[in-house]
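All remarks here apply to the structure that follows.
A, B, ... follow the sequence lines: proteins, then strands. Residue 1 opens every chain.
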Amino acid sequence: MTDLKNNLKKHIFNQVKDQYPLTLQELGITSTPRIQMGDLALTFPFVLGQKLNKKPREVASEIAPQLSSLPGVSKTEVAGPGYINLFLNRKEFFIRQLHSLSQPSLSPDEEKIIIEHTNINPNKAAHIGHLRNACLGDTLGRCLRYKGEQVEIQNYIDDTGVQVVDVVFGFMDLEKKSLKDIQEIDHRFDYYCWDLYTRVSSYLENHPEAQKRRSQILKNIEEGKDPEASLAHHISRHIIKAHLRTMERIGVSYDLLPCESSILGLKFWEKAFQLLKEKKAVYLSQEGKNQGCWVMKLEDEEDKEKVIVRSDSTVTYVGKDIAYQIWKFGLLDKDFYYHPFLEQNHHTIWITSSTPSSHSLRFGGGSLVYNVIDNRQSYLQKVVAQGLKSLNYRVQAQKSIHFSYEMVALSPNSLKELNFPVSEEENQKDFLEVSGRKGLGVKADDLLERLEEKALKEVEKRNPDFPPEKKRDIAHKIARGALRYFMLKYTKNSLIVFDFEEALSFEGETGPYLQYTLVRIHSIFQKLKEREGFEEENLSSLLSSSQISLAPLSPKEKDDFWKLILYASHFEEEILHAVGSMEFSHLAKFCFNLCQKFNGYYHLYSILGEKNEEIKNIRILAIYYIREILKKVLNLMGIPQPEKM
RNA sequence: GCGCCUGUAGCUCAGUCGGAUAGAGCAGCUGCCUUCUAAGCAGCCGGUUGGGGGUUCGAGUCCCUCCAGGCGCGCCA
């Protein structure tokens with residue numbers, strides 16, 4: 001459809017440009033509200049009406065006759081207050097769409113795109129908030145790759161921060177555990193740390209004197225002194241593995257895990273600091289509350305300064321982030337060492353290190369960078385971009401995209417289900433923020449297990465004879481589909497108030513509804529094969545246009561068929577739209593609407609029972625087309641595709 | 001106080017660069033399984049798009065203002 005539209009625009013523009021003051025930009029093509037009015041609508045008569053001080057309808061009537069011989073268009077019509085509606089040649093369009101299934105018409109715009117997402121502190125289990133982040137980031141990556149972009153997925157690991165420190169403190173000082181003791185905790189290490197971290201947080205609140213010990217641990221970790229450093233290393237590596245397993249369950253993976261420890265060890269910050277000082281992007285504050293700190297000013301907030309280096313000469317979080325961002329664009333003049341960390345589905349996930357490695361790989365050096373981080377960090381993300389701008393990397397600053405989204409909070413109902421004690425004050429609120437510190441949240445694996453359990457029951461009901469292994473596999477796919485769709489169906493600025501009942505739903509606008517639609521199509525093809533020996537290779541012979549004719553279809557079926565095909569044909573535009581607006585709810589909605597339309601069609605038009613071969617063939621081709629597009633879109637959303645369910 | 005975001009059906013949310021009659025799901029009610037999987041389909045019910053003003057051929061969408069809510073504005077990360 002994108003090809004066709006561009007082609008039409010060019011033709012129309014050439015037709016009218018000499019007689020009318022119009023730019024190619026102003027030549028918009030939209031959809032019509034109903035196909036009876038046509039398939040595509042031209043809106044430029046409104047623009048011209050304004051410029052020529054004429055009624056849009058008049059302009060449209062003047063121009064429409066000149067557009068009679070557009071390629072692929074069978075009829076034009078003036079409609080409403082001044083639209084020119086185009087009716088496509090349905091058969092020709094359908095055949096072209098079928099042929100173009102194997103050749104995407106999208107093309108890349110960037111040299112290399114880096115996406116940073118997930119970024120969970122390696123000191124506790126992943127929760128639903130992290131799942132939203134990962135689903136958004138992963139879907140962005142999938143869509144960009146589909147578009148043809150070279151994409152690198154990075155998952156930043158803050159393995160030397162205070163959150164890890166707190167767990168080290170918990171193990172050493174509260175639990176008196178040695179490295180060996182900790183290594184023996186094998187079951188659900190991330191869950192164990194979740195609880196420990198909560199205990200440490202409340203302990204620290206009541207024992208302010210422990211702050212000293214905490215600072216000592218942080219210092220020892222940063223300087224590599226044992227036992228703190230080894231403990232921190234073991235804990236973070238163990239937790240990262242747990243996170244990667246969790247994410248693998250929902251089909252999310254990474255190329256590289258850049259670690260804060262490497263950024264410190266390889267002195268990335270010192271290099272970045274030097275650059276920033278040279279360009280006078282940061283300066284030493286001489287007076288006021290920030291006296292003795294190196295600070296940065298924001299372009300549009302002149303009165304504010306952000307501390308980058310503290311008066312004790314340690315660097316803040318945002319400072320390290322600036323160094324990392326500079327590296328991502330390949331502008332730091334320093335690089336990490338890389339070690340293989342994990343094999344996942346024949347794909348190596350690499351981790352950075354400050355110790356030399358025999359592997360020579362290139363990471364980073366992107367021309368466009370997306371940072372998928374929730375909207376609470378938009379101020380800091382602005383500071384990061386400001387850092388680049390101050391270094392005169394204006395293009396890179398502009399291409400530092402903060403993919404911002406709202407957080408996931410908890411409904412009062414879900415709090416009850418978690419048996420989490422809440423105060424009077426908290427009870428009054430409509431929702432409660434997830435808090436790792438308080439241990440308040442729905443763990444990702446818990447949610448996935450509940451989804452799988454429920455899905456398994458549903459599979460049991462319908463397919464009791466399947467072997468247990470198969471049932472579990474299907475249940476897993478359904479759980480993953482339900483979760484991923486749930487995380488994508490909301491616009492990114494919409495706060496998700498998490499509720500178990502809603503998240504565990506498999507009916508209506510949910511992932512399983514989409515999967516079910518596909519299962520229905522699979523089922524038809526399978527029955528065609530079983531009962532009639534139909535092979536999919538036969539499709540190519542059906543495709544030869546001489547055999548395709550829409551004529552035998554009833555007028556109603558002609559329209560229903562056409563509505564379905566036309567809607568489906570927009571899928572590439574939907575992908576571009578989603579990527580351009582960073583709004584995957586568009587893609588989710590498109591997929592859902594497509595399934596709704598298909599299910600309506602499915603109920604009206606039988607394939608196996610159809611006696612008329614010509615009609616049957618058209619229907620087979622139609623569901624084949626829908627199936628192929630559905631598979632593509634589900635794949636982009638990371639929703640698995642069970643054959644049966 | 002300043003900045004960003006949000007306000008659409010009983011509830012949860014869509015709504016393309018400003019385009020034709022504001023759409024889904026859930027909940028409620030009515031039908032439809034000897035037919036290709038009822039995780040479905042068809043139908044009913046449900047709206048002063050937070051209030052007011054403006055811009056124009058046209059506003060849920062853009063501008064101003066007011067109201068209500070959320071988040072951010074650390075020498076935390």
Side-chain angles (χ1 to χ4, degrees), chain A residues 25-26 28 30-34 37 41 43 46 49-50 55-57 79-83 85 121 158 161-163 260 285 289-295 300-301 303-304 306-312 314-318 320-321 374-380 382 404 406-407 409 430-431 433 455 458-459 461-463 478 482 489-491 493-497 499 501-502 505-517 519-528 531 573-574 577 580-581 583 585-586 588-589 592-593 596 599-600 602-610 623 644-645:
Chain A
Q25 204 79 62
E26 290 166 326
T30 65
S31 300
T32 61
R34 283 171 297 156
M37 303 165 99
T43 53
F46 294 103
Q50 185 109 45
K55 284 189 177 153
R57 174 120 194 158
Y83 296 97
N85 290 347
N121 273 309
D158 185 2
V162 292
Q163 295 218 19
E260 189 179 84
S285 183
K289 63 181 175 114
N290 294 333
Q291 190 178 3
C293 299
W294 287 85
V295 298
D300 40 358
E301 286 172 87
D303 49 328
K304 267 186 195 153
K306 176 75 197 161
V307 172
I308 306 295
V309 179
R310 304 183 189 100
S311 52
D312 67 358
T314 56
V315 58
T316 59
Y317 166 76
V318 72
K320 284 176 267 190
D321 222 18
D374 76 61
N375 67 357
R376 287 171 294 189
Q377 294 208 38
S378 42
Y379 174 65
L380 291 174
K382 233 167 117 180
S404 165
E406 260 289 358
M407 59 178 175
D430 296 334
F431 62 86
E433 201 174 324
E458 299 291 326
V459 176
K461 254 194 259 175
R462 294 166 177 80
N463 301 292
I478 292 170
K489 75 178 198 180
Y490 298 95
T491 49
N493 282 333
S494 170
L495 175 83
I496 298 181
V497 180
D499 192 81
E501 202 185 314
E502 233 183 287
S505 168
F506 294 165
E507 283 164 25
E509 197 195 336
T510 65
Y513 174 88
L514 311 180
Q515 294 172 314
Y516 184 68
T517 306
V519 163
R520 282 179 150 174
I521 303 179
H522 281 314
S523 191
I524 294 172
F525 277 107
Q526 203 188 330
K527 292 238 156 77
L528 277 172
R531 297 183 191 174
E573 280 165 280
E574 295 293 337
H577 185 210
S581 57
E583 202 58 273
S585 58
H586 290 322
K589 223 47 138 187
F592 173 65
N593 288 333
Q596 273 194 320
N599 280 320
Y602 170 93
H603 275 269
L604 286 174
Y605 306 106
S606 165
I607 287 174
L608 294 172
E610 180 55 48
I623 68 163
K644 299 206 162 175
M645 63 191 273

For this session: Assign A/Ile607 to base, sugar-phosphate, or nothing according to its heavy-atom contacts below 4.0 angstrom with the strands shown.
Result: base
For this session: Tell me what A/Gln163 touches on the nucleic acid: a base, only sugar-phosphate, or nothing, going by heavy atoms under 4.0 Å.
Result: nothing
Exercise. How far does the P atom of B/G54 sit from the matching atom of B/G40, given to the nearest Å?
Worked result: 47 Å
Exercise. OP1, OP2 of B/A24 versus side-chain N and O of A/Tyr513: anything below 4.0 Å?
Worked result: no
Exercise. Looking at A/Arg376, does any N or O in its side chain come under 4.0 Å of the phosphate oxygens OP1/OP2 on B/C73?
Worked result: no
Exercise. At under 4.0 Å between heavy atoms, what does A/Phe506 touch on the DNA or RNA strands: base, sugar-phosphate, or nothing?
Worked result: base
Exercise. What is the nucleic acid contact for A/Lys55, judged by heavy atoms within less than 4.0 Å: base, sugar-phosphate only, or nothing?
Worked result: nothing
Seminar exercise, completed: Closest non-hydrogen atoms of A/Leu495 and A/Met407, given as atom of the first, atom of the second and distance, are CD1-O, 3.4 Å
Problem set entry | A/His577 NE2 to B/G15 P, straight-line distance once rounded to whole Å | 8 Å
For this session: Mind checking A/Thr32 for me? I need base, sugar-phosphate or nothing, with any heavy atom below 4.0 Å counting as a touch.
Result: base
Exercise. So, is A/Arg310 close to the B/G74 phosphate, meaning a side-chain N or O under 4.0 Å from OP1 or OP2?
Worked result: no
Exercise. Quantified in whole Å, what is the C1' atom distance between nucleotide B/C62 and nucleotide B/C17?
Worked result: 11 Å
Exercise. Counting N and O atoms only, with roles assigned by atom type, does the side chain of A/Arg462 sit under 3.5 Å from a partner on the main chain of A/Glu458, one being a donor and the other an acceptor?
Worked result: yes
For this session: Output yes when a side-chain donor or acceptor of A/Thr517 lies under 3.5 Å from a complementary backbone atom of A/Tyr513, and no otherwise.
Result: yes
Problem set entry | Spacing between A/Gln50 atom CD and B/U55 atom C1', to the nearest angstrom | 11 Å
Exercise. Between A/Thr316 and A/Ile308, is there a donor-acceptor pair closer than 3.5 Å when you use the side chain of the first and the backbone of the second?
Worked result: yes
For this session: Provide the distance between the two C1' atoms, one in B/U65 and one in B/G47, to the nearest whole Å.
Result: 25 Å
Exercise. Rounded to the Å, how far apart are A/Asp158 CG and B/C76 C1'?
Worked result: 11 Å
For this session: Fit a plane to each ring of A/Phe46 and A/Tyr83, take the angle between them on a 0 to 90° scale, and name the class: parallel (under 30°), tilted (30 to 60°) or perpendicular (over 60°).
Result: perpendicular
Problem set entry | Syn/anti state of B/C33 by chi, 90° boundary around 0 | syn
For this session: Taking only the side-chain nitrogens and oxygens of A/Arg531, find out if one of them lies under 4.0 Å from OP1 or OP2 of B/C36.
Result: yes
For this session: Kindly say if A/Gln596 contacts the phosphate of B/G25, meaning a side-chain N or O under 4.0 Å from OP1 or OP2.
Result: yes
Exercise. Ion pair present between A/Asp312 and A/Arg310, side-chain N to carboxylate O less than 4.0 angstrom?
Worked result: no
Exercise. Counting any heavy atom closer than 4.0 Å, what does A/Tyr516 reach on the DNA or RNA strands: base, sugar-phosphate only, or nothing?
Worked result: base
Exercise. For atom C1', what is the distance between B/U12 and B/U30, given to the nearest Å?
Worked result: 24 Å
Problem set entry | Residue whose closest nucleotide on RNA chain B lies nearer the 5' end, A/Ser311 versus A/His603 | A/His603
For this session: Once you apply the 3.5 Å cut-off to both distances, tell me the Watson-Crick or G-U wobble partner of B/G43, or none.
Result: B/C29
Exercise. Using the P atom in both, what is the distance from B/G51 to B/G10, to the nearest Å?
Worked result: 14 Å
Seminar exercise, completed: The Watson-Crick or G-U wobble partner of B/C4, with both key distances under 3.5 Å, is B/G70
For this session: Would you indicate what A/Ser378 reaches in the nucleic acid, counting non-hydrogen atoms under 4.0 angstrom: base, sugar-phosphate, or nothing?
Result: nothing
Exercise. Counting any heavy atom closer than 4.0 Å, what does A/Pro56 reach on the DNA or RNA strands: base, sugar-phosphate only, or nothing?
Worked result: nothing
Exercise. Base, sugar-phosphate, or nothing for A/Leu604, non-hydrogen atoms under 4.0 angstrom?
Worked result: nothing
For this session: Start with the C-alpha gap between A/Glu406 and A/Asn375, add the side-chain angles, then the distance that decides, and say whether side chain to side chain donor-acceptor pair (under 3.5 Å) holds.
Result: CA-CA 6 Å; A/Glu406 260 289 358; A/Asn375 67 357; 3.2 Å; yes
Exercise. Below 4.0 angstrom from OP1 or OP2 of B/C36, is there any side-chain N or O of A/Gln526?
Worked result: no
Exercise. Has A/Tyr379 got its ring stacked on the base of B/G3, with centres under 5.5 Å and planes less than 30° apart?
Worked result: no
For this session: Give a yes or no on whether a donor-acceptor pair under 3.5 Å exists between the nucleobase atoms of B/A20, that is its base, and the side chain of A/Asn85.
Result: yes
Exercise. Reckon A/Phe46 touches a base, only the sugar-phosphate, or nothing at all at heavy-atom distances under 4.0 Å?
Worked result: base
Exercise. Shortest non-hydrogen contact from A/Ser285 to A/Asn290?
Worked result: CB-O, 3.2 Å
For this session: In whole angstrom, give the distance that lies between atom CG of A/Asn493 and atom P of B/C4.
Result: 13 Å
Problem set entry | N/O (side chain, A/Asn375) to phosphate O (OP1/OP2, B/C4) under 4.0 Å | no
Exercise. Given atom NE2 of A/His586 and atom C1' of B/C17, what is their separation to the nearest angstrom?
Worked result: 13 Å
Exercise. How many Å lie between CD on A/Glu509 and C1' on B/G40, as a whole number?
Worked result: 16 Å
Exercise. Once you round it to whole Å, what is the distance between P of B/G69 and CG of A/Asp430?
Worked result: 11 Å
Exercise. Expressed as a whole number of Å, how far does the C1' atom of B/A20 sit from that of B/G60?
Worked result: 15 Å
Exercise. The side chain of A/Lys304 lies closest to which of these nucleotides: B/C2, B/A77, B/A39?
Worked result: B/C2
Problem set entry | Per A/Tyr602 side chain, nearest of listed nucleotides B/C75, B/C76, B/A38 | B/A38
Exercise. How long is the line joining OH of A/Tyr605 and C1' of B/G40, in whole Å?
Worked result: 17 Å
For this session: Please work out if A/Gln291 contacts a base, only the sugar-phosphate, or nothing of the nucleic acid, heavy-atom cut-off 4.0 Å.
Result: base
Exercise. When the P atoms of B/G3 and B/G25 are considered, how many whole Å apart are they?
Worked result: 41 Å
Exercise. If only side-chain N and O atoms of A/Arg462 are considered, is one of them under 4.0 Å from the OP1 or OP2 phosphate oxygen of B/A39?
Worked result: yes
Exercise. Is there side-chain contact between A/Leu608 and A/Arg531, with heavy atoms separated by less than 4.5 Å?
Worked result: yes
Exercise. Can you tell me the Watson-Crick or wobble partner of B/G60, both distances under 3.5 angstrom?
Worked result: none
Exercise. At under 4.0 Å between heavy atoms, what does A/Leu380 touch on the DNA or RNA strands: base, sugar-phosphate, or nothing?
Worked result: base
For this session: Using Watson-Crick or G-U wobble geometry with both distances below 3.5 Å, tell me the partner of B/A22, or none.
Result: none
Exercise. Base, sugar-phosphate, or nothing: which does A/Glu507 touch, judged by heavy atoms less than 4.0 Å apart?
Worked result: sugar-phosphate
Problem set entry | Upstream residue (5' side of RNA chain B) when A/Ser606 and A/Glu260 are each assigned their closest nucleotide | A/Ser606
Problem set entry | B/G19 to B/G15 separation - C1' atoms, rounded to the nearest Å | 13 Å
For this session: Indicate whether the side chain of A/Tyr317 and that of A/Asp158 have a donor and an acceptor atom separated by less than 3.5 Å.
Result: no
Seminar exercise, completed: As its Watson-Crick or G-U partner within any shown strand, both distances under 3.5 Å, B/U34 has none
